[in-house]
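Worksheet: one structure, shown below.
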Amino acid sequence: MIKTAVVGAAGRMGRRLVTNICESDDLQLAGALEISSCPFIGQDAGAVAGVGETGIMITDDAAKVFADCDAVINFSTAGVIESTRLAVKNNCSVVIGTTALTDEDKAALKEMADNGARIVFAPNFSIGVNLLFYLSRKAAEILGEDFDIEIVEMHHNQKKDAPSGTAERLGQILCDARGLDYKTDVRHGREGICGARTRKEIGMHALRGGDVVGDHTVMFAANGERVELTHKASSRDTFARGALTAVRFLADAKPGMYDMQDVLKLR
Ligand code: NAD
């Protein structure tokens, strides 16, 4: 059994991770971490997740939890770098799903991996979205510059960051395929007299509303025809299952920084 702890255990994703770990045959819930102000501290993580009593209480004592586990899954919304440093110090592999990490955060993770840590960091753990990444790159390469590219994402009304980490990754993949620069060539929304679309830009649009788990569409529009690639997530379990697959992958992996394209062998 792979002894696995969840960071952000009382969150929307944390609860699905706890549930999926409890229902798996090869992973064992070994810890459930939250911020000290979380009202669920001291409560059973399984009961909070709705999967029944597990004997694992939600705590803010990361040092104690990491000392006795093999793997850590972090889908929290803050403190990811500090938490990962501590997990790595305790020889745990780390799977990170948190989005909106800064470039400095990502560089810090890479440095840890270069120094022997085993990390999977991915903006989206669903197999379908990772296929969308792959197909979007292929479509951009095949369709070429006659096709304008626009990315549209929609998420629930509680999502804190925009565009989504997944839309950002799609933008990076498409910029890469077109020889563009994400920072200067991606155009976020349009308003007013913004002029005709240029050949160089990739449009990015973030919609928010209701309880939408995560929709992403990449549009390739030319004169006379349009190709649309769409993925719609209807359950957070798709991300949770992907994160568990990443934990299994890291159990046999060499030190390094990986993403779901590596885990799913889509490179
Ligand atoms: P949420 O707000 O419901 O849950 C986040 C939880 O993290 C909260 O319970 C919060 O108290 C906890 N937390 C914050 N700081 C912490 C810390 N320092 N230590 C421990 N716990 C801490 O959010 P959510 O909808 O579950 O999403 C969480 C993150 O996962 C977001 O960044 C979201 O974009 C991302 N996400 C990624 C994927 C993916 O496939 N990669 C899928 C869904 C969501």
Side-chain angles (χ1 to χ4, degrees), residues 5-20 31-43 45 48-50 56-66 69 72-87 94-102 105-106 109 119-133 153-170 206 208 210-216 231-247 249 258-264:
V6 174
V7 186
R12 278 174 288 255
M13 274 306 303
R15 293 174 194 221
R16 297 320 304 157
L17 288 160
V18 165
T19 300
N20 277 270
L33 286 159
E34 261 295 342
I35 36 172
S36 30
S37 59
C38 174
F40 297 104
I41 293 277
Q43 296 190 29
V48 170
I56 300 294
M57 302 301 159
I58 297 180
T59 173
D60 61 356
D61 191 346
K64 196 169 171 198
V65 167
F66 294 162
C69 67
V72 174
I73 306 180
N74 193 332
F75 276 65
S76 69
T77 39
V80 174
I81 301 306
E82 298 89 306
S83 168
T84 304
R85 272 194 213 292
L86 190 57
V94 185
V95 171
I96 302 166
T98 307
T99 57
L101 294 188
T102 63
D105 291 340
K106 290 174 196 167
L109 294 178
I119 299 173
V120 172
F121 166 57
N124 197 304
F125 279 87
S126 100
I127 185 166
V129 158
N130 282 280
L131 178 65
L132 179 67
F133 289 158
E153 58 106 330
M154 180 161 187
H155 284 82
H156 56 89
N157 55 24
Q158 299 300 305
K159 185 162 176 62
K160 295 188 178 80
D161 52 319
S164 70
T166 302
E168 199 179 292
R169 179 60 62 89
L170 279 166
R208 293 288 174 268
D211 63 353
V212 176
V213 172
D215 294 356
H216 293 88
H231 177 270
K232 295 187 181 190
S234 50
S235 162
R236 288 184 176 82
D237 282 348
T238 183
F239 311 127
R241 281 194 299 268
L244 267 59
T245 303
V247 167
F249 168 87
Y258 302 95
D259 67 14
M260 277 307 275
Q261 300 284 296
D262 300 306
V263 174
L264 297 169

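In each ligand, atom 1 is the first atom listed, and ligand 1 is the first ligand listed.
In terms of polar-atom proximity, defined here as any N/O pair under 3.5 Å, S126 makes no such contact with ligand 1. On a distance-only criterion, S76 and ligand 1 share no N/O pair closer than 3.5 Å. At under 3.5 Å, not a single nitrogen or oxygen of A10, backbone or side chain, sits near a nitrogen or oxygen of ligand 1. The shortest N/O to N/O separation between M13 and ligand 1 falls below 3.5 Å. In terms of polar-atom proximity, G14 is not counted as a contact of ligand 1, lacking any N or O under 3.5 Å from an N or O of the ligand. Taking distance alone, with nitrogen or oxygen atoms compared against 3.5 Å, T98 stays at or beyond that limit from ligand 1.
Judged by the 6.0 Å and 45° rule, R15 forms a cation-pi pair with F40.
Contact annotation: A100 has no heavy atom less than 4.0 Å from any atom of ligand 1. For P123, the closest heavy-atom approach to ligand 1 falls below 4.0 Å.
Scanning the protein for heavy atoms near atom 11 (O) of ligand 1, the closest one is E34 OE1, 2.7 Å. For atom 25 (O) of ligand 1, the closest non-hydrogen atom on the protein side is R12 NE, 3.1 Å. Protein heavy atom at the shortest distance from atom 40 (O) of ligand 1 is F125 N, 2.9 Å. Atom 14 (C) of ligand 1 has its closest protein heavy atom at T77 OG1, 3.3 Å. For atom 35 (C) of ligand 1, the nearest non-hydrogen atom of the protein is G97 O, 3.6 Å. Counting only heavy atoms of the protein, atom 38 (C) of ligand 1 lies nearest to F75 CE2, 3.5 Å. Summary of contacts: the protein heavy atom closest to atom 16 (C) of ligand 1 is I35 CG2, 3.4 Å. In terms of protein heavy-atom proximity, atom 33 (C) of ligand 1 is closest to T99 OG1, 3.7 Å.
In the candidate list A246, G11, A9, G11 is nearest to atom 4 (O) of ligand 1, counting heavy atoms. Among A122, A78, A243, the residue whose heavy atom lies closest to atom 18 (N) of ligand 1 is A78.
Between R169 and N124 there is no side-chain heavy-atom pair separated by less than 4.5 Å. For the pair F239 and V129, the minimum side-chain heavy-atom distance is 4.5 Å or more.
Counting the atoms of ligand 1 from 1 in the order shown, those under 4.0 Å from a heavy atom of V7 are 19 (N), 20 (C). For ligand 1 and K159, the ligand atoms under 4.0 Å from any heavy atom of the residue are 34 (O).
Between the E153 side chain and the S164 main chain, a donor and an acceptor come within less than 3.5 Å of each other. Of the possible polar contacts, none joining the N130 side chain to the F125 backbone as a donor-acceptor pair under 3.5 Å is found. Proximity of a side-chain donor or acceptor of S83 to a complementary backbone N or O of G79 within less than 3.5 Å is not detected.
Distance CG/N20 to OG1/T238: 10.0 Å, rounded to 0.5 Å. Rounded to the nearest 0.5 angstrom, R85 CZ and F66 CZ are separated by 13.5 Å. In this structure, the separation between CD1 on I119 and CG on D259 is 12.5 Å, given to the nearest 0.5 Å. Remark: T102 OG1 to I81 CD1 distance equals 7.0 Å, nearest 0.5 Å.
Sparse packing is recorded around CG of D211, with 12 or fewer heavy atoms of other residues, nucleotides or ligands lying under 6.0 Å away. Taking a 6.0 Å sphere around NZ of K106, one finds it holds more than 12 heavy atoms contributed by other residues, nucleotides or ligands. The number of heavy-atom neighbours closer than 6.0 Å to CD1 of I127, taken from other residues, nucleotides and ligands shown, is 12 or below.
Considering every non-hydrogen atom in both T99 and P123, the closest pair reads CG2-O, 3.9 Å.
Contact annotation: for Q158 versus ligand 1, there are no heavy atoms closer than 4.0 Å. Residue-level proximity to ligand 1 for K160 is carried by the side chain, the only part with a heavy atom below 4.0 angstrom. Heavy atoms of S83 found under 4.0 angstrom from ligand 1: none, in either backbone or side chain. Under 4.0 Å from ligand 1, the heavy atoms of F239 that appear belong solely to its side chain.
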